[in-house]
Amino acid sequence: MKYKIVSDSASNLTSLAEVPFASVPLHIIVGEHDFCDDENLDLSLMQQTLSAYRGKTGTACPSPNTWIEAFGDADAVFCVTITSGLSGSYASAMAAKQIFEEEHPDRAVHIIDSLSTGPEMALIIEKLRSLILSDMEHAQIAKEMAAYCKRTHLLFSLASLDNLARNGRVNPLVAKGIGLLGIRVIGKASDEGTLQPLNKRRGDKKAIENLIEHMKELGYKGGKVIISHTGNLPCAEELKTRILAEFGKFNGFIHENRGLCGYYAEPMSVLLGFES
Ligand code: X90
């Protein structure tokens with residue numbers, strides 16, 4: 001039986017070891033420029049274009065056809081999307097599943113709404129990968145995944161909420177004043193998959209301490225961690241050091257946000273996915 005994992009580009013992953021994988025790009029639209037969030041995206045060119053541009057910018061989720069192409073000839077597809085609470089990507093994947101399964105009654109598509117983004121999606125994909133490699137049957141994998149997703153979390157420290165507010169993804173009142181004087185909004189992905197602000201802190205040092213407190217509150221006990229950042233490797237490294245000091249280990253990795261997460265988690269922001 002051929003298995004495949006497919007996610008949209010909000011996962012920040014462009015490849016995966018040992019299990020067939022495809023990333024379906026979202027698009028970042030900056031005036032005339034259409035940045036396709038695939039492995040060829042020039043992140044620094046995108047950020048330069050964004051900071052020089054004064055007009056309206058936005059993003060677009062994949063069409064059902066793009067999803068279907070990515071499903072390919074797999075017998076069982078596991079498809080992980082960015083939260084349905086903030087994007088149409090999940091609805092588009094659901095439409096793709098319906099068409100695909102009608103055309104191929106002997107094949108199955110399991111869609112997982114991450115209710116999150118970035119590093120939490122990457123944790124979900126990593127878990128799928130290990131279950132597929134353990135030769136588990138696909139319906140059983142789907143069950144295991146439903147339980148696993150209850151144990152994964154996303155916290156973030158955002159340096160600006162401008163792009164989120166301008167695109168109607170967060171209340172403009174919450175966005176006010178963030179970005180000035182190094183103010184960070186600390187928050188989490190809510191159970192409904194929306195952005196839930198928790199605290200404000202000035203500077204990365206205080207933001208990191210606050211993130212550690214929230215990790216404890218959410219029941220972190222040394223499970224896997226993935227940190228992603230937008231042009232702020234020092235903060236990601238410092239967070240890793242604090243996790244090591246506080247919990248005795250750092251079981252995970254750091255990587256850079258790609259196009260979609262980098263557009264909304266603006267420069268200097270950090271995202272933190274972990275298991276409880
Ligand atoms: O165009 C589209 O369909 C994509 C819209 C995506 C909107 C939200 C992206 C969030 C990226 C920002 C901070 C984390 C918030 C997480 C809440 C679930 C990262």
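Remember, predicted model here, so these are calculated numbers, not experimental data. Order of listing sets the numbers, starting from 1, for every ligand and every atom in it.
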Taking a 3.5 Å cut-off between nitrogen or oxygen atoms, can you list every pair linking ligand 1 to the protein, with distances?
from, atom 1, to, atom 2, distance (Å)
ligand 1, 1 (O), T59, O, 3.4
ligand 1, 1 (O), T59, OG1, 2.6
ligand 1, 3 (O), S87, OG, 2.7

Exercise. Is it true that a side-chain atom of R169 and a backbone atom of L86 form a donor plus acceptor pair closer than 3.5 Å?
Worked result: yes

Exercise. So do H214 and Y220 actually touch side chain to side chain, heavy atoms under 4.5 Å?
Worked result: no

Could you pull out every donor-acceptor pair under 3.5 Å between side chains of residues 104-111 and any protein atom, sequence neighbours left out?
from, atom 1, to, atom 2, distance (Å)
R107, NH1, G72, O, 3.4
H110, NE2, H138, ND1, 2.8

Exercise. Do NZ/NE/NH1/NH2 and the carboxylate oxygens of K97 and E101 come within less than 4.0 Å?
Worked result: yes

Exercise. Ring pair (Phe, Tyr, Trp, His ring centres under 6.0 Å) with F71: which residues, sequence neighbours excluded?
Worked result: F100

Problem set entry | Those residues that, when tested against D113, pass side-chain hydrogen bond (donor to acceptor under 3.5 Å, both in side chains) (two or more places apart) | S84

